[in-house]
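Okay, so here's the structure we're looking at.
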Amino acid sequence: MTQPANASFLAAIKPYFEAGPLGALALGMASGTPYTMIASTLTTRLAESGIEKKSVTAFGLALLVYSFKPLWAPLIDRARIPLLASLIGQRRAWLVVAIIMASAAIAWLGALDPAADIALFAAAAVAVGFAGATLDIVIDAIRIEWLRSDQMGAGSGMTQYGWRMGSYIAGAGALLLASNGGGESNWGLAYLAAIILFLPSLVAAALLGEPNRPPAIPSGKGFSALVKDSIVAPLADFLGRKGAWIVLAFVLVHKIGDTVCQLSVRLFYNDMGFTKAEVAYYDVSLGLIGYLAGVFLGGLLYKRLGLAGSVFLSLLLMGVSNAAYAGLAIIGHDVWALAAVQGFENLASGIGGVTVGAWLSLLCDRRFTATQFALLSSAAAILGRAFSSGTAGALIESLGYVDFYWLTTALALPGVLIFVWLWRAGLVVADDNAASDGNPIATRV
């Protein structure tokens, strides 16, 4: 018997209102806060203080700390916080410690005057980056371990919603508080106020409890055993699975086309004659709506099409969105074409972030969640980051915008083809009851 459309829709959105995904929303808010305080908010503060532009842009290096998360993720998987871990569990103990670190670093950054001591201010910014990256490692591990495989799409979407909420509230709130006069003292208050955004994650952790995860049995005692258990074991576990190297190839290449495409977008809009006001409205504002809609739609597609089908569709959409820029380059200055292209790009990006993010989460063995997810998420960005805006600019000068965007579309194809191979080989599944040995790679959930 065919299920009524309204009942089918309610079943599809039900995971968004379950405890795990709602907890992921709270975790996402905490994750977005430190990043924002050393990204756009910090840039505004430095410019207001009269710091020269080359010094302002150099502060972007504080964000690079996030790229090195895999270096200390094994510590979070293995180390137990004395006393606190015995009281509330290892994951929640690390969450409390990471939030204390992030709160202290943000408060320190807020208390400093960049014009008085730029070097100390830079050290505080790096401290916020390190604390924020540590918090991200903990949050990703808890999110994955809280969620069932059927909730992973909604949970991934809710994490992104939370991140956007935390980022927006922290950034906008800081600017509003700092704009009421008082100079640096108001900036200090603005940074302290941002710490409040960590509270929902602590409430969620208290309500949902310590995640269930199988124990990682030590291989022995001493430093060599510690290295083996913390670093070698997570890598050996992942790379020893059927199809692991093919999956790793997919992770490395699937975002190259999209990353190279996005490096040039603002330059492209400028050369097409779009004004700042047009870009602000049709790209930033409408683009955000498209992204948020894509995040929600990604969760629905995951529920309706399953893991493999939703990931495959999202990869196709992200490739087509690159081709849409080639179409805009042919059309030229047209605000409605800009709105359509940028809206579609953000919609596809939102869907892809949810579905691919859910698959990467499902690839993690819960004995090593923090380490393996940090490695996978970093690997997904590493090749894209190898391209600089200068590299993209050289390609544009050589090819022109139309052929450049066709090239970025072609760069999306290897990821699609690798995924199709994995799917046909039966290596893209999600099963909470899968055994540990001899099963397809995505069964480690």
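- A donor-acceptor contact under 3.5 angstrom links the side chains of Tyr325 and Gln342, judged on distance only.
- With rounding to the nearest 0.5 angstrom, the CG atom of Asp334 is 8.5 Å from the CG atom of Leu338.
- The one candidate from Lys303, Glu18, Lys14 that meets the side-chain hydrogen bond (donor to acceptor under 3.5 Å, both in side chains) condition with Gln151 is Glu18.
- Here the straight-line distance linking atom CG of Leu297 with atom CG of Leu313 works out to 8.5 Å at 0.5 Å rounding.
- We find that Arg143 and Asp140 are joined by a salt bridge, their nearest charged nitrogen and carboxylate oxygen being less than 4.0 Å apart.
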Show, in sequence, the C-alpha distance, side-chain angles and deciding distance for Thr369 and Arg366, and conclude whether the side-chain contact (heavy atoms from CB on, under 4.5 Å) test is met. CA-CA 5 Å; Thr369 314; Arg366 296 195 178 192; 3.9 Å; yes
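- Taking every heavy atom of both residues into account, Leu363 and Gln372 meet most closely at O-OE1, 3.9 Å.
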CA sep, side-chain torsions, deciding dist, call: Thr275, Tyr269, side-chain contact (heavy atoms from CB on, under 4.5 Å): CA-CA 8 Å; Thr275 66; Tyr269 289 161; over 6 Å; no
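- The shortest side-chain heavy-atom distance between Leu317 and Phe344 falls under the 4.5 Å cut-off.
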Test side-chain contact (heavy atoms from CB on, under 4.5 Å) on Leu427 and Lys242 and set out the steps. CA-CA 8 Å; Leu427 298 178; Lys242 182 180 179 183; 3.9 Å; yes
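- Contact annotation: the side chain of Met158 never approaches that of Pro15 to less than 4.5 Å [non-hydrogen atoms, C-beta and beyond].
- When atom types are taken as modelled, the side chain of Trp94 and the backbone of Ala79 share a donor-acceptor pair closer than 3.5 angstrom.
- Leu307 places a side-chain heavy atom less than 4.5 Å from the side chain of Val428.
- A donor-acceptor pair under 3.5 Å is formed between the side chain of Tyr161 and the backbone N or O of Phe296.
- Here the side chains of Glu345 and Asp258 are in contact, with some heavy-atom distance below 4.5 Å.
- Note that the OG atom of Ser361 and the CG atom of Leu147 stand 8.0 Å from one another [nearest 0.5 Å].
- Counting heavy atoms from C-beta outward, Ser230 and Leu75 have side chains that stay 4.5 Å or more apart.
- For the pair Ile106 and Phe198, the minimum side-chain heavy-atom distance is below 4.5 Å.
- Judged as a ring-ring contact (aromatic ring centres under 6.0 Å, His included), and not counting sequence neighbours, Phe404 has no contacts.
- Note on ring orientation: taking the six-membered ring where Trp is involved, the planes of Phe250 and His254 are parallel (angle under 30°, cut-offs 30° and 60°).
- Thr36 and Ser167 share a side-chain donor-acceptor pair at under 3.5 Å.
- Residues Trp406 and Asp403 have side chains in contact (heavy-atom distance under 4.5 Å, counting atoms from C-beta outward).
- A salt bridge links Arg92 with Glu210: the closest approach of a Lys/Arg side-chain nitrogen to an acidic carboxylate oxygen falls below 4.0 angstrom.
- Looking only at distances, no side-chain donor or acceptor of Ser156 sits under 3.5 Å from a matching main-chain atom of Gly153.
- In this structure, Asp365 does not pair ionically with Arg213, as no charged nitrogen and carboxylate oxygen lie closer than 4.0 Å.
- Between Phe274 and His333, the distance from one ring center to the other falls under 6.0 angstrom.
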Can Arg367 and Asp77 be said to form a salt bridge (Lys or Arg N to Asp or Glu O under 4.0 Å), step by step? CA-CA 8 Å; Arg367 294 171 299 167; Asp77 265 336; over 6 Å; no
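- Among all heavy-atom pairs drawn from Ala102 and Pro34, the shortest one is CB-CG, 4.4 Å.
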Show your working on ring-ring contact (aromatic ring centres under 6.0 Å, His included) between Phe368 and Phe373 and close with a plain yes or no. CA-CA 8 Å; Phe368 316 111; Phe373 191 81; over 10 Å; no
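- Ring planes of Phe312 and Trp423: tilted class, angle from 30 to 60°.
- Ser310 and Leu305 get closest at one heavy-atom pair: N-CB, 3.9 Å.
- Atom CG of Leu300 sits about 9.5 Å away from atom CD1 of Ile351, to the nearest 0.5 Å.
- To the nearest 0.5 Å, atom CG of residue Leu208 and atom OG of residue Ser201 are 11.5 Å apart.
- Between the side chains of Gln160 and Tyr291, at least one donor N or O sits under 3.5 Å from an acceptor N or O.
- Exactly one residue among Leu376, Leu375, Thr371 makes a side-chain contact (heavy atoms from CB on, under 4.5 Å) with Phe238. That residue is Leu376.
- Shown here is Trp72, whose CH2 atom has more than 12 heavy atoms of other residues, nucleotides or ligands within 6.0 Å.
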Distance-only donor-acceptor pairs under 3.5 Å for side chains of residues 19-31, two or more places apart:
{"from": "Ser31", "atom 1": "OG", "to": "Asp136", "atom 2": "OD1", "distance (Å)": "2.4"}

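- Here the straight-line distance linking atom CZ of Arg164 with atom CD1 of Ile169 works out to 13.5 Å at 0.5 Å rounding.
- Within the 3.5 Å criterion, the main-chain N or O of Ala98 finds no donor-acceptor partner in the side chain of Thr134.
- Side-chain contact between Leu135 and Thr33 is absent, with no heavy atoms from C-beta onward closer than 4.5 Å.
- With hydrogens and angles disregarded, a donor-acceptor distance shorter than 3.5 Å links the side chain of Ser321 to the backbone of Met318.
- Between Ile144 and Met152 the shortest heavy-atom distance is O-CE, 4.0 Å.
- Closest approach of Arg91 and Pro211 over heavy atoms only: CB-CD, 3.9 Å.
- The heavy-atom pair separating Ile76 from Ala370 by the smallest distance is CG2-CB, 4.3 Å.
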Using the side-chain contact (heavy atoms from CB on, under 4.5 Å) rule, take Tyr405 and Thr408 through it: C-alpha gap first, then chi angles, then the decisive distance, then the call. CA-CA 5 Å; Tyr405 285 121; Thr408 65; 4.0 Å; yes
